[in-house]
Amino acid sequence: MIDRHELRRAPEEMRAALARRGAEVVGPDSAWARLQELDARQRQLKRELETLQAERNRVSKAIGLKKRQGEDATEELARMREVAQRVKQLEAAAKSAEEAFGLALLEVPNPPLDSVPDGVDETDNVELRRWGEVRQDEVPSHDEIGEALGILDFEAGARLAGSRFTVICGAGARLERALIQFMLDMHTERHGYDEVWVPAIVNRKTMTGTGQLPKFEHDLYKLEGEDAFLIPTAEVPVTNLYQERILDAARLPIRHCAYTPCFRREAGSAGRDVRGMIRQHQFDKVELVWLTRPEHALSGLETLTGHAEAVLQALGLPYRVVELCAGDLGFSAQKTYDLEVWLPSQRRYREISSCSSFGQFQGRRAGIRYRNEAGKAEPVATLNGSGLAIGRCLVALLENGWQADGSVLIPEALQPYMGGLQRIANA
RNA sequence: GGAGAGAUGGCUGAGUGGUCGAAAGCGGCACCCUGCUAAGGUGUUACACGGGUUACCGUGUCGAGGGUUCGAAUCCCUCUCUCUCCGCCA
């Protein structure tokens with residue numbers, strides 16, 4: 001969440017930065033609009049309450065003293081009975097004002113960094129660089145390729161669970177597993193990440209810590225009868241590993257990689273990517289997560305993005321890097337690079353990884369802090385990025401590795417993970 | 001799911017109605033002494049919020065939320081979590 005001190009110190013600057021996400025973010029109905037007034041009211045009530053509490057504490061102490069000395073305190077007791085009533089009322093008022101302020105605070109997104117380009121949606125994103133040779137020949141879509149090879153079964157997925165679910169078979173299933181293994185090995189052995197394995201179900205507090213809640217509950221799968229959710233990304237459990245903790249500065253940066261399944265309701269994306277396995281309710285992902293000092297967030301983002309790129313390069317998949325414009329940034333992000341892989345059947349680049357810096361936004365929400373040189377605990381900066389989305393990676397491999405005879409070549413780097421298999425062909 | 005025990009500061013662990021934000025120990029920090037590694041002495045050492053914004057003052061926080069009381073770490077209720085035993089189970 002945004003820094004409340006900053007909110008009071010420089011509300012105009014903050015407003016201007018938020019407005020770049022879209023006018024509605026600071027519009028009349030926005031959480032932002034409610035904040036100023038709620039903050040003033042909250043502080044006013046609190047001041048009154050504290051004055052009264054101070055009196056109560058002072059007189060109560062005097063009563064204790066008198067009683068011990070055997071003196072009469074009837075008068076004070078009568079007066080304090082009234083004060084106690086008023087304290088109770090004020091407490092209730094102050095509490096509800098504080099809660100309203102706190103709720104509004106949780107609904108304000110992260111102000112984009114000044115360096116983030118202007119723009120309203122993905123068409124305004126800025127391409128930074130390209131890697132690899134793209135093939136321009138006619139290539140079937142991955143779902144056709146996969147069905148023809150008997151490794152993707154969309155009908156079975158639909159029968160078992162519904163639309164946006166896929167069953168992967170045989171060499172395809174092994175490929176899914178190989179990709180997970182390959183990526184985790186690369187990040188742990190070459191890039192120095194500590195692997196963790198985490199729950200795929202988390203509670204409300206954890207979901208709030210990284211910013212999925214309270215605003216985006218409709219995008220999440222919620223467990224019936226429990227205040228718990230399926231994770232939409234490993235970012236949630238891995239970042240929150242350190243919630244409400246004060247970290248030793250010497251430990252930073254902490255860098256984790258994790259494989260998890262991810263679950264998304266994809267509400268509001270009806271009609272988009274309905275064919276194939278590009279947009280699924282359940283998919284696998286290897287995620288990279290950093291906790292670092294605020295001043296190292298941006299250099300860290302470059303490094304982390306490079307680690308995700310290294311996976312695509314090792315697999316020989318052509319891609320480009322774009323920087324998201326202010327209007328396309330996710331709720332918690334202050335700056336984001338997307339990696340987009342070339343899909344020959346669509347003749348366009350599609351997102352396969354998203355690498356973001358959150359600044360201290362998540363650290364503040366989740367209470368993840370470190371002790372700086374002055375001995376003061378302050379929120380850490382967090383970063384994360386997909387390294388990579390497994391399902392979309394499998395899609396890209398099928399299309400980019402497709403041969404005219406219908407088979408699909410396995411990149412050399414992956415062959416050891418496929419038992420030496422060099423191509424997937426029809427039996 | 002059933003029975004029992006517990007939850008206190010960075011950690012260990014005292015504290016059953018009023019000078020308790022909380023003993024003691026460990027750890028951390030500062031200084032002194034000493035002057036090979038080491039050991040010893042003294043002091044200091046939670047966080048948040050609000051007001052002055054420098055040395056200060058106030059409020060809240062002893063798992064969470066409610067209640068009793070002039071006053072709660074201490075008494076009552078609810079919830080959460082941890083541990084032990086039983087049941088079930090990959």
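By convention in this document, chain letters (A, B, ...) are assigned in the order of the sequence lines, proteins followed by strands, and residues within each chain are numbered from 1.
One C1' atom belongs to G13(B), the other to A73(B), and the distance between them is 14 Å to the nearest Å. For the C1' atom pair drawn from C62(B) and G10(B), the interatomic distance equals 16 Å after rounding to whole Å. As rounded to the nearest Å, G21(B) and G58(B) have P atoms that lie 12 Å from one another. The gap from the P atom of A46(B) to that of C11(B) amounts to 14 Å, rounded to the nearest Å. Nucleotides G25(B) and G43(B) place their P atoms 11 Å apart, quoted to the nearest Å. Separating the C1' atom of C89(B) from that of A5(B) is a span of 25 Å, rounded to the nearest Å. Comparing A22(B) with U45(B), their C1' atoms sit 15 Å apart, to the nearest whole Å. If you take atom C1' in G17(B) and the same atom in U74(B), they sit 7 Å apart, rounded to whole Å.
Within 4.0 Å of Arg79(A), counting heavy atoms only, lies no atom of the nucleic acid at all. Residue contacts for Arg369(A): at a heavy-atom cut-off of 4.0 Å it reaches the sugar-phosphate backbone alone, with no base atom in range. Residue contacts shown for Lys66(A) are absent, as no nucleic acid heavy atom lies under 4.0 Å away. Using a 4.0 Å heavy-atom distance criterion, Gln53(A) is classed as a sugar-phosphate-only contact. If you check every strand for non-hydrogen atoms under 4.0 Å, Lys46(A) touches sugar and phosphate atoms only.
Of all the residues in residues 97-105 of chain A, not one reaches under 4.0 Å from RNA chain B with any non-hydrogen atom.
A salt bridge links Arg275(A) with Asp143(A): at least one charged nitrogen is closer than 4.0 Å to a carboxylate oxygen. Between Glu217(A) and Arg204(A) there is a salt bridge, with a side-chain nitrogen of the basic residue lying less than 4.0 Å from a carboxylate oxygen of the acidic one. Ion pairing of Lys66(A) with Glu75(A) is absent here, as no side-chain N (NZ or NE/NH1/NH2) approaches a carboxylate O to less than 4.0 Å. Between Glu287(A) and Lys285(A) there is a salt bridge, with a side-chain nitrogen of the basic residue lying less than 4.0 Å from a carboxylate oxygen of the acidic one.
Judged purely by atom type and a 3.5 angstrom limit, Ser60(A) uses its side chain to pair as donor or acceptor with the backbone of Arg56(A).
Nearest nucleotide to the side chain of Ala54(A), out of C70(B), U59(B), C49(B): U59(B). Out of G71(B), U68(B), G51(B), the shortest distance to the side chain of Arg56(A) is found at G71(B). When distances run from any side-chain atom of Arg43(A) to the nucleotides C70(B), G50(B), A48(B), the shortest one goes to G50(B). Of the candidates G18(B), G65(B), G50(B), the closest approach to any side-chain atom of Arg8(A) belongs to G50(B). Distance from the side chain of His5(A) is smallest for C49(B) among the nucleotides U59(B), C49(B), G18(B). Nearest nucleotide to the Lys95(A) side chain, out of G71(B), G18(B), G65(B): G65(B).
Atom CD of Glu412(A) has 12 or fewer heavy atoms from other residues, nucleotides or ligands within 6.0 Å. For CD of Glu82(A), the number of neighbouring non-hydrogen atoms (other residues, nucleotides, ligands) closer than 6.0 Å is 12 at most. Within 6.0 Å of atom CD in Glu37(A), 12 or fewer heavy atoms from other residues, nucleotides or ligands are found, so the atom counts as exposed in its surroundings.
What separates CZ of Arg245(A) from C1' of C11(B) is a distance of 13 Å, to the nearest Å. In this structure, the CD atom of Gln44(A) is 18 Å from the P atom of U59(B), given to the nearest Å. With rounding to whole Å, Arg58(A) atom CZ is found 11 Å from G58(B) atom P. Taking atom CD on Gln42(A) and atom C1' on G60(B), their separation rounds to 13 Å, with Å as the unit. Leu45(A) places its CG atom 14 Å from the C1' atom of C49(B), with the value rounded to the nearest Å. Rounded to whole angstrom, the span from the CG atom of Asn57(A) across to the C1' atom of A72(B) amounts to 12 Å. Rounded to an integer number of Å, the gap from CD of Glu76(A) to C1' of G71(B) is 13 Å. If you measure from atom CG of Leu65(A) to atom C1' of G17(B), you get 16 Å, rounded to the nearest angstrom.
Between Arg47(A) and G50(B) there is no side-chain N or O to OP1 or OP2 distance below 4.0 Å. Within the 4.0 Å cut-off from OP1 or OP2 of U68(B), at least one side-chain nitrogen or oxygen of Lys88(A) is found.
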Can I get a per-line list of side-chain donor-acceptor pairs under 3.5 Å for residues 101-115 of chain A, giving both atom names and the distance, sequence neighbours left out?
| from | atom 1 | to | atom 2 | distance (Å) |
| --- | --- | --- | --- | --- |
| Asn110(A) | ND2 | Ser332(A) | O | 2.9 |
| Asn110(A) | ND2 | Phe358(A) | O | 3.0 |

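Toward the 5′ end of RNA chain B lies the nearest nucleotide of Leu49(A), the other residue of the pair Leu77(A) and Leu49(A) mapping further downstream.
Side-chain rings of Phe165(A) and His281(A) approach one another, their centers coming within less than 6.0 Å. Between Phe216(A) and Phe331(A), the distance separating the two ring centers is shorter than 6.0 angstrom.
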Query raised in the report: Taking only Watson-Crick and G-U wobble pairs with both distances under 3.5 Å, what dot-bracket line describes RNA chain B, where [ ] shows pairs that cross earlier ones and | shows pairs with another strand?
Result: ((((((((.[[[..)..(.....]]]((((((.......))))))((((((....)))))).[[[[[..)....]]]]])))))))....
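Classification of the His187(A)-His191(A) ring pair by plane angle, with boundaries at 30° and 60°, yields tilted.
Side-chain to base pairing of Glu50(A) with G50(B): no donor and acceptor N or O lie closer than 3.5 Å to each other.
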